[in-house]
Amino acid sequence: MAHEKITEAVRRLGVRFPIIQGPFGGGLSTARLAAAVSNLGGLGSYGAHSLAPSDLGPLVNEIRSLTPHPFAVNLWVSDHDQGGLELNEAEFDRVFKIFEPYYREFGIQRPEHPAHFHHSFEEQFEALIEANPPVFSFVFGVPRPAILAECRRRGIVTIGTATSIAEARMLDEAGVDLIVATGFEAGGHRTSFLKPAEDSLMGTFVLTQLVSDRVKTPVIAAGGIADARGLRAALSLGAQMVQIGTAFLACEESGTTPEHRAMLFSDKAEQTTLTRSFTGRLARGISNRWTEDMIARSKELPPFPIQSWFMSYLKSAMIKTGRTDVLPLYGGQIAPNLRHRTAPALMESILERL
Ligand SMILES: Cc1cc2nc3c(=O)[nH]c(=O)nc-3n(C[C@H](O)[C@H](O)[C@H](O)COP(=O)(O)O)c2cc1C
């Protein structure tokens, strides 16, 4: 086909088109979306960082049952920030007080202090490698050399993610197969791991050029790309593929709520913000009551994953009631240009204009 662009990255992944559906963590990925994109010739992904290790084998089997083509499963290498592993009772009480008025408003009981706030990356990886996914993508760090070696031994393609030149160099030296260069336009988290995310805020346009000029590993551009001209621009800046998030999140096959999807297509999407109030790590979403309320309290918020754990109860309540005012409304700066409501419509529209 005329629009089939064969690059080294496309060859390594064994897909037809230079398009990756970005993984969505926190329950927003679905096997259905990942398989749909892979069946359409792109690379579908599933963001699995919040899943228990025991859920990863069944997940890989489920996606495999829906597509014969390659797909990626994504984990977060760093599973907690400093001070995020445990909380003493006094700190638990202090953090609960931030959430209490909202919990009260939505009839949520004070939760029990858990044994842990997030699953361990090492345990997740052990379970994932047994399931042998075709592609393992990751953010927030570089896995230990033994992990990358095990992927190579099994023929699992690895994709790391950089928000700066230094992070891209580190991934390049570690020998990952592909590097995502993700600009601050992107929806979801800033996945910086060498410097604080606030000190690593580069746009996709500049980051793609800087990284692809400096590493031997093929580069995938992510952030602010939602149509064929974005893809063409990224390819002309040195990327070999693109990773698209927000435009796929808005498709009905994704795991988000109809209300979140409607917000992505509304005028409200013109105002996104970078905030630590969703999980404790910096992330981009549409401004709402929650992000506004938390501006004044940003210094009091606990680190990842503790903030995320307290937030999960509010998220469940929002999903049940269909409200969006205290829901993390993840989305990138390109959202006001979204047009398509299904993965096939989005893929076709990009491919026919390529
Ligand atoms: C809701 C949401 C969750 C995301 N979660 C992850 C994740 O867990 N792992 C990851 O590598 N990227 C994650 N991303 C980033 C996307 O995979 C993709 O790189 C990014 O959205 C591209 O920028 P765009 O939103 O401007 O298209 C997430 C993005 C969104 C919008």
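Atoms within a ligand are numbered from 1 in the order they appear, just like the ligands themselves.
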Dump the pairs for me: ligand 1 N or O, protein N or O, distance under 3.5 Å, to 0.1 Å.
from	atom 1	to	atom 2	distance (Å)
ligand 1	5 (N)	Pro23	O	3.3
ligand 1	5 (N)	Gly25	N	2.9
ligand 1	8 (O)	Gly25	N	3.2
ligand 1	8 (O)	Trp76	NE1	2.9
ligand 1	9 (N)	Asn74	OD1	2.8
ligand 1	11 (O)	Asn74	ND2	3.0
ligand 1	14 (N)	Pro23	O	3.1
ligand 1	17 (O)	Pro23	N	3.2
ligand 1	17 (O)	Pro23	O	2.9
ligand 1	17 (O)	Gln243	NE2	3.4
ligand 1	19 (O)	Gln243	NE2	2.9
ligand 1	23 (O)	Gly223	N	3.4
ligand 1	25 (O)	Gly187	N	3.0
ligand 1	25 (O)	Thr246	N	3.0
ligand 1	25 (O)	Thr246	OG1	2.5
ligand 1	26 (O)	Gly224	N	2.7
ligand 1	27 (O)	Gly245	N	2.8
ligand 1	27 (O)	Thr246	N	3.3

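The aromatic rings of Phe121 and Phe125 sit tilted, their planes meeting at an angle between 30° and 60°.
Under the 4.5 Å side-chain criterion, counting only non-hydrogen atoms from C-beta, Ser38 is not in contact with Val15.
No donor-acceptor distance shorter than 3.5 angstrom exists from the side chain of Thr272 to the backbone of Gly285, with no hydrogens or angles considered.
Counting only residues at least two apart or on different chains, the ring pair (Phe, Tyr, Trp, His ring centres under 6.0 Å) pairs with a member in residues 139-185 are Trp76-Phe140. Applying the salt bridge (Lys or Arg N to Asp or Glu O under 4.0 Å) test to every pair with at least one member in residues 137-157, sequence neighbours left out, gives these pairs: Glu122-Arg144, Glu130-Arg154, Glu150-Arg153, Glu150-Arg154.
Partners of Asp177 according to the salt bridge (charged side-chain N to carboxylate O under 4.0 Å, His left out) rule, which considers only residues two or more places apart in sequence or in another chain, do not exist here.
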